[in-house]
Amino acid sequence: MTGGLAAPAAALDAEILVIGSGAGGATTAALLAEAGRDVLVVEEGPWIDQGTVRPFSLDQMDRQYRSGGVTVALGLPSIAYTEGRCAGGGTEINSGLYFRPPVEVIERWRDRHRIRDLDPDEIGAIADEIERTLNVGLVPGKATPASEILRRGAATLRWRHSEIPRWMQYPPGGDAVTGARQSMTRTYLPRAFSAGARMVTDCRVDHLVLRDGVARGATVTFGDGSHGTIRCRHVFVCGGAIQTPALLQRSRIRGRIGRTLAVHPTVKLSARFADEVNVPDDVPVHQVKEFAPSLSFGGSASHSGLVALALLDQWPTFADAVTQWRRIAIYYAAITSEGRGWVRAVPGLRDPLVTYRLTGRDRQLLQSGLARLALLMLEAGAEEVYPSFRGAPVVRNRADLATMQDAFAVSKASVMTVHLCSSVPMGELGERSGADSFGRVHGTRNVYVNDASLLPDAPGVNPQATVMAFAVRNARRFIEESQ
Amino acid sequence: MEHRYAPMPPMRSVPSAPLVGPFAERLLALDLPDLPASRRDDAIGFTVRRIDGLPSVMHIGVLLIAAVFRCILIAPRSDGFVRFVARAPLPVVGEYVRLIRSLGYAYIWETWPDTRPTGAAA
């Protein structure tokens with residue numbers, strides 16, 4: 001049996017409908033199809049071959065991000081976030097950095113959220129499989145100059161740091177910037193197709209059709225504006241931490257849905273060095289974990305447009321630096337937030353309302369994080385540091401750090417995140433869990449969530465590997481129980 | 001069963017250009033006085049397209065503010081208003097100004113990386 005991309009049709013049938021094709025959806029589809037199940041994947045965005053769009057460019061944002069990358073969780077301050085909206089979801093657009101699911105996090109989730117049969121060893125074994133499939137490894141040769149800055153600064157300060165492996169495939173003799181990302185369109189989706197799974201792109205699920213807690217199918221809207229229906233016996237919702245709870249709410253599923261969104265908020269700065277350090281199409285692979293898990297430092301995409309954006313908050317002072325963008329790279333301080341957000345579907349509107357509230361502790365961490373990051377840059381040899389907040393001074397030495405800290409307030413900063421999770425938390429805490437220990441949504445008999453929404457809180461590291469490991473675990477349990 | 005959630009967004013039918021374009025043009029002209037007019041037009045076109053694609057709630061909020069701004073810009077001597085909102089860190093309204101600037105600057109410096117801080121072509 002051979003699957004693959006299928007044409008849209010007014011009426012479609014499948015045994016299992018998988019909604020979304022990112023880290024959770026693609027993995028789920030591959031496992032279920034390989035178990036011999038009839039799987040249909042629907043994806044709201046288009047199929048775009050990996051490597052045909054310039055990474056981190058406005059063109060990529062137009063084609064592969066939801067709303068062109070302009071999405072915000074409202075709050076004081078509001079937090080900008082991004083979501084993939086294409087075949088492969090966020091795996092097509094993210095940094096490709098890989099973190100194994102941390103054992104202590106898995107144990108904490110198991111104990112605090114009463115997740116049944118959650119075995120760190122099993123998750124570890126699944127992570128091994130994922131690492132082989134995604135070709136996880138270190139970059140060949142030397143990292144980029146922007147990455148070396150993080151390593152050098154941390155080494156000088158004797159802060160814990162490391163090179164983070166990536167899921168990339170490098171050509172023979174290739175270097176740090178020649179890797180081809182092993183995203184879902186290169187790995188799990190082709191696997192699913194080989195096992196017979198079908199996939200319809202440009203297909204948005206408007207709502208699930210439920211009766212007495214049993215999903216009978218879904219109503220959809222295709223890219224050309226036409227509508228259709230899909231009949232199925234089981235549904236896996238894998239649209240990510242924003243779209244998944246919004247779809248469940250639109251489908252009138254109640255319970256702990258969309259009330260506990262968790263993110264890793266970040267603040268940024270730009271740093272100018274004596275030599276050219278800017279690598280427009282790639283991100284640094286080194287990260288500094290001295291204060292992890294509450295606080296981590298890393299590097300961002302830094303092409304010229306993003307440098308201008310990073311300088312924008314204090315443009316009257318920083319504007320001249322934009323002409324030297326080749327000597328500038330952008331870095332971030334990310335925190336593990338204690339705040340929580342809401343995702344609410346709004347009747348009559350296509351997109352949900354997203355809000356997020358930082359706690360006092362979050363604000364303090366962001367402030368100290370930005371100061372420590374600026375120090376790291378100075379120790380790495382930065383000539384000038386430009387923190388991204390309104391009223392920020394140029395930081396040229398340690399004495400300027402105190403001035404910077406005095407001037408900082410989170411409400412003046414550009415806060416953003418790329419890690420969104422926990423909007424349908426799994427576990428056996430009754431009303432405090434949105435889904436059971438294997439992703440089945442409470443109050444339903446055949447609706448499962450299998451994406452970042454399930455993670456009980458933000459894990460403190462890039463969550464993609466954790467999302468995939470849980471997706472494999474839950475899909476396997478579903479196969480066992482439904483045979 | 002009838003669902004309350006529209007399958008397609010009602011606000012998508014309201015185009016942003018007439019409301020957002022005039023303010024974006026005045027703001028970019030003020031911020032980047034030497035930016036060639038053709039580049040400014042391109043940047044405004046990009047900004048308007050992005051605003052057309054905003055998530056529903058944001059789109060509604062932006063269009064409401066943009067409509068108020070549009071009315072004010074019709075009045076004589078509205079340059080003072082543009083200068084004021086461009087500099088003052090106003091709540092909510094300031095976010096609209098920041099959005100226009102962010103989109104415009106990101107487009108300008110990604111498309112023409114060696115643009116001078118005044119907007120002049122290198």
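In the text below, chain A, chain B and the rest are named by the order of the sequence lines, each starting its count at 1. Atom set for the values below is all heavy atoms of this structure, side chains included, hydrogens, waters and symmetry mates excluded.
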Discussion item. With rounding to the nearest 0.5 angstrom, report the CZ to CG distance, B:R50 to A:D62.
Written reply: 4.0 Å
Fill in: A:R231, CZ atom: more than 12 neighbouring heavy atoms under 6.0 Å
no
Worksheet, complete the sentence: Whatever's closer than 4.5 Å to a heavy atom in chain A on B:F46 counts as side chain
Worksheet, complete the sentence: If one checks every heavy atom of B:L99 against chain A at 4.5 Å, the contacting part turns out to be side chain
Worksheet item: Who wins among B:R98, B:R49, B:M58 for the most heavy-atom pairs under 4.5 Å with chain A?
Response: B:R98
Under 4.5 Å from any heavy atom of chain B - which part of [X]:
| X | result |
| --- | --- |
| A:R66 | neither |
| A:L353 | both |
| A:S57 | both |

What's the shortest heavy-atom distance between [X] and [Y], and which atoms?
| X | Y | result |
| --- | --- | --- |
| A:R350 | B:S56 | N-OG, 3.3 Å |
| B:P117 | A:D320 | CG-OD1, 3.6 Å |
| A:L58 | B:Y107 | CD1-CA, 3.6 Å |

Fill in: From CA spacing to verdict: salt bridge (Lys or Arg N to Asp or Glu O under 4.0 Å), A:D313, B:R101
CA-CA 10 Å; A:D313 283 310; B:R101 263 200 188 116; over 6 Å; no
Discussion item. With side chain to side chain contact (heavy atoms under 4.5 Å, CB included) as the test, pick out the partner of B:V57 among A:L349, A:T355, A:D351.
Written reply: A:L349
Discussion item. If we define contacts as heavy-atom pairs under 4.5 Å, which of A:L309, A:V354, A:L76, A:L312 has the most with chain B?
Written reply: A:L312
Worksheet entry | Heavy-atom donor-acceptor pair, A:T323 side chain to B:R116 backbone, under 3.5 Å | no
Item to complete: Compare all side-chain heavy atoms of A:V307 with those of B:W109 and state whether any distance is below 4.5 angstrom.
Response: no
